[in-house]
Number of protein chains: 2
Amino acid sequence: MAVTLADVAARAQVSSATVSRVLSGNYPVSEATRARVLRAVDELDYVLNGPASALAAATSDLVGILVNDIADPFFGIIASAVQSEIGGGQRGGSGEKLAVVCNTGGSPERELTYLTLLQRQRAAAVVLTGGAVEGPEHAAAVTAKLGRLAAAGTRVVLCGRPPAGEEPASAAVTLAFDNRGGAQRLTEHLLALGHRRIGYVTGPADRTTTRHRLEGHRAALATAGLLAGAEELTVHGSYDRASGYDAALELLRRRPDLTAIAAANDTIALGVCAALRDRGLRIPQDVSVAGFDDLPFSADAVPALTTVRLPLQAAGARAGRLAMGREATPPGGVATIRSDLMARASTAPPPEKA
Amino acid sequence: MAVTLADVAARAQVSSATVSRVLSGNYPVSEATRARVLRAVDELDYVLNGPASALAAATSDLVGILVNDIADPFFGIIASAVQSEIGGGQRGGSGEKLAVVCNTGGSPERELTYLTLLQRQRAAAVVLTGGAVEGPEHAAAVTAKLGRLAAAGTRVVLCGRPPAGEEPASAAVTLAFDNRGGAQRLTEHLLALGHRRIGYVTGPADRTTTRHRLEGHRAALATAGLLAGAEELTVHGSYDRASGYDAALELLRRRPDLTAIAAANDTIALGVCAALRDRGLRIPQDVSVAGFDDLPFSADAVPALTTVRLPLQAAGARAGRLAMGREATPPGGVATIRSDLMARASTAPPPEKA
DNA sequence: CTGTTAGCGCCTTCAC
DNA sequence: GTGAAGGCGCTAACAG
């Protein structure tokens, strides 16, 4: 039904081996026959059969990018950067890779399923982005799966999640985000402004990102001798706006005298802001608010959101290059991406009366 | 090197055909041998070879979702919905499809490249989301490519773009968005409030979405007899925040007396708001602002953004079902998705002095 | 219900 | 520089 290599060979009056050589380009072929073959390809509108090619060559041009939530710009920005380095459109010739993003929805099972599907396809590389779920058995399953992928020749890159497995030489190259340090600096900023009762709104407790950011926050509190009562001032939810909204109301109920709320990401922070506004509280005069990630909309919020900037675009691009083998592995296989405090208008000293 | 079907067969003491049948599940196998095979699979940690399977069966489990900008929530939301219907994680058994999103960056060449790559892989289905680029030769190329994909058995679904090709019976199932009608109702809303000088900020001129929304806007103006000067009040840019910011300043330069600005999407509208604020203009007291799409952040903006709601989630889900053949094709192969005006706080009557 | 037998379309030694 | 031939791992008829 579809036109095959043999059809092209017949039309160009050469053997199918020659056609294959012309197309893959990594073998000497006379200019004359090359032209003839190319013309036949064009006339017949031939398209390489990927599966057959992958079967024979034992490799494929598929690269998988796993994200927790494709509708969240945090992941969209990273995925976009990864993909721009991988290709799927820049050249017409070789090195053509199909970069493809898979949405796990934050579910461990789906993550594993996608990994298996990618393994089935003999993917050339896999990039896992964002925090991991910390269930002990699941973590082990993922580590094992990644090990098998690596063993089968698939390049594995982690971007924004901590190194997998305990071994010093993990199978995966890792770009870790400095979540702990960033969160700590953010809370220090709040403390320096004079805040003493700081609410904290975060995501699911079983995610590495959640844990690390919370640890940074607590570390800053500990240094200031404010660890007592921290538990009461912490609310877990999911990483979305609605969750931030509800959590802010809950915090206000628990501690009506709080003067600041730090959120584990910008999207939550937006929900917090909305809740405060609905309660008639002014930002930052009555309550200061801070986020994390510095997504594009954060600078545009009213007031502009104080947050911690993560170079998502740059990190994604680097992950892409790593996945393509176009950049050297960092020493020890792990590089940590720095985060920067962006102090803006949503944070200020607490009200005088406090 | 990797463990194959034959290995499993040997261990389970059956033929490889039996193993294949157990795994695909669409053939009667005795419970006893099935269990034996499954155990062998497990013990050997066997993973199906996708390319080999696809080659033999002449189909693959890959479904491609093409988006113009993966970092834009508009596409993220649609892609997420499509993917949730396709799977890649719900069941463990059959019907397992690898839904995969490809970021074209709005480039016609990359779109074509991805289509070819997907064709190579013998994709089960392809979903194209968002507006198309209107270059005549490119449109023809895409239509031709889609025709070939469909001919090869790939299901083609368009979501948020107009039907491809002129033929009544196109190869693709289409879910078109009511961009024209929505834009028209939005501008009518502005006119009803009393605005007479309405700026319009939109995206690249060669996109179908841009054209249809602009046409709707102009249609409303025409009915009100305000078409003269519409050209001067229109600025083209790209579909992002920065573009909206710049365009708003440009409009203010051209017509300092305008009383409203409509944007071709919410992201642009946000940029417009930022520019107006920076110029010391109040929204909506001095200038009304409206967007399009009703993305999640629009309701949270300050003031809440008047916009046109498109049921992105529902449309994406439907596209996913269509791609899986789990929903009947609409009559004529085309369904139009309604849009709804969401009048919120960012629009109000123009200032008295006007 | 299960085994046997052909390929699917391409890549890749190996000869020429 | 080019052709011939075998096999990658799996599925899909056929038999039995």
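Reminder, nothing fancy here: chain letters follow the sequence lines and each chain counts from 1. Just so you know, these numbers come straight off a predicted model, no measurement behind them. For the numbers below, each heavy atom of this structure counts, side chains included, while hydrogens, waters and symmetry mates do not.
- Computed from coordinates, the A/R122 CZ to D/dC10 P distance equals 8 Å when rounded to whole Å.
- At a cut-off of 3.5 angstrom, counting only N and O atoms as typed in the model, there is a donor on one side and an acceptor on the other between the side-chain of B/R21 and the base of C/dG3.
- Nearest-nucleotide positions on DNA chain C for A/Y46 and B/V14 put B/V14 closer to the 5' end.
- Between B/T33 and C/dT2 there is a side-chain polar atom (N or O) within less than 4.0 angstrom of OP1 or OP2.
- A residue-by-residue look at B/V29 and A/V19 shows that B/V29 has its nearest nucleotide of DNA chain C further toward the 5' end.
- Across residues 49-57 of chain B, B/L55, B/A56 each have a non-hydrogen atom less than 4.0 Å from an atom of DNA chain C (numbered order).
- Residue contacts for B/A58: at a heavy-atom cut-off of 4.0 Å it reaches no nucleic acid atom on any strand shown.
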Item to check | Criterion side-chain contact (heavy atoms from CB on, under 4.5 Å) on B/V101 and A/I70, from CA distance to verdict | outcome: CA-CA 9 Å; B/V101 359; A/I70 200 179; 3.4 Å; yes
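- Rounded to an integer number of Å, the gap from CG of B/L48 to C1' of D/dC8 is 14 Å.
- Atom CG in A/L5 sits about 16 Å away from atom C1' in D/dG6, given to the nearest Å.
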Practice item. Report the C-alpha separation of A/N68 and A/F75 in whole Å, then their side-chain angles, then the decisive distance to 0.1 Å, and conclude whether the side-chain contact (heavy atoms from CB on, under 4.5 Å) test is met. Key: CA-CA 7 Å; A/N68 286 336; A/F75 292 102; 3.4 Å; yes
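- B/E43 CD: more than 12 foreign heavy atoms inside a 6.0 Å radius.
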Walk me through it: do A/E85 and A/M324 pass the test side-chain contact (heavy atoms from CB on, under 4.5 Å)?
CA-CA 8 Å; A/E85 290 289 334; A/M324 294 293 277; 5.6 Å; no
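- If you measure from atom OH of A/Y27 to atom C1' of C/dC10, you get 16 Å, rounded to the nearest angstrom.
- Phosphate contact (OP1/OP2 of D/dT11, side-chain N/O of B/S20, threshold under 4.0 Å): present.
- In this structure, A/T4 does not reach the C/dG9 phosphate: none of its side-chain N or O atoms is under 4.0 Å from OP1 or OP2.
- A donor-acceptor contact closer than 3.5 angstrom links the side chains of A/Q121 and B/D61.
- No hydrogens or angles were tested; on distance alone, nothing pairs the side chain of A/R34 with the base of D/dG1 as donor and acceptor under 3.5 Å.
- Minimum interatomic distance between A/E111 and A/T104 (heavy atoms only, all atoms of both residues): CA-CG2, 3.8 Å.
- One interatomic measurement links the two molecules: CD of B/Q121 to C1' of C/dG9, which rounds to 14 Å at whole-angstrom precision.
- Side-chain nitrogen and oxygen atoms of B/S30 include at least one within less than 4.0 Å of the OP1 or OP2 phosphate oxygen of C/dT2.
- Atom CG in A/N26 sits roughly 16 Å away from atom P in C/dC10 (whole-Å rounding).
- The closest side-chain donor-acceptor pair between B/T33 and B/S30 falls under 3.5 angstrom.
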